[in-house]
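Given the structure is predicted, the values throughout are model-derived calculations rather than measurements.
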Amino acid sequence: MEHILSFLHQHIELIYIVILSIFLGVEVISRVPSVLHTPLMSGANAIHGVVIIGAIIVMGKAETDNYLALILGFLAVILGTINVVGGFVVTDRMLEMFRGKKK
């Protein structure tokens, strides 16, 4: 526990930046009009593809006894994959609204 508190104390500025960026991201995303949702979602899918590749690289280069890196890499791969698939599903449903009805 003391190690965690020491780490937090040493990196408090980075923690503040992460917390502020979360609030800023929520505020920016909540104000995006629905017309721009599809182009932004495709951009987000591309970013999460990079996250997945980065997580795979981290897991590949991590030492076998570094469980923290392996667990974080695995979680990043899983969550990034879920986000990419969900983004494609949402984008497909939105684009389906603009297609004409089949006769």
How long is the gap from [atom1] on [X] to [atom2] on [Y], to the nearest 0.5 Å?
X	Y	atom1	atom2	result
Ile78	Phe74	CD1	CZ	4.0 Å
Ile19	Ile22	CD1	CD1	7.0 Å
Leu75	Met59	CG	CE	9.5 Å
Gln10	Ile15	CD	CD1	10.5 Å
Ile57	Ile52	CD1	CD1	12.5 Å

Discussion item. According to a hydrophobic-cluster definition based on side-chain heavy atoms being under 4.5 Å apart (Ile, Leu, Val, Met, Phe, Trp, Tyr only), do Ile56 and Leu72 belong together?
Written reply: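 In one cluster with Ile56: Leu72, no.
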
Practice prompt. Is it possible for you to say whether Ile53 and Ile82 belong to one hydrophobic cluster, with membership spreading through side-chain heavy-atom contacts below 4.5 Å?
Written response: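 They do not share one cluster, since no chain of ILVMFWY contacts under 4.5 Å joins Ile53 to Ile82.
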
Taking all non-hydrogen atoms of both residues, which atom of [X] and which atom of [Y] are closest, and how far apart?
X	Y	value
Ala62	Leu70	CB-CD2, 4.0 Å
Val77	Ala55	CG2-CB, 3.6 Å
Val51	Ala76	CG1-O, 4.5 Å

Worksheet entry | Test ring-ring contact (aromatic ring centres under 6.0 Å, His included) applied to Phe7 and His3, step by step | CA-CA 6 Å; Phe7 177 82; His3 180 68; 7.3 Å; no

Worksheet item: If we only count heavy atoms from C-beta on, is the Leu24 to Val28 side-chain gap below 4.5 Å?
Response: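 The answer is yes, as the side chains (C-beta and beyond) meet within the 4.5 Å cut-off.
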
Worksheet item: Side chains of Asn83 and Val85: does their closest heavy-atom pair fall under 4.5 Å?
Response: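 No, too far: nothing below the 4.5 Å cut-off.
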
Practice prompt. Give the C-alpha distance, both sets of side-chain angles, the deciding distance and a yes or no for side chain to side chain contact (heavy atoms under 4.5 Å, CB included) between Leu8 and Ile12.
Written response: CA-CA 6 Å; Leu8 292 175; Ile12 194 74; 5.6 Å; no

Worksheet entry | Backbone of Glu2 reached by a side-chain donor or acceptor of Ser6 within 3.5 Å |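 It does not hold such a pair.
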
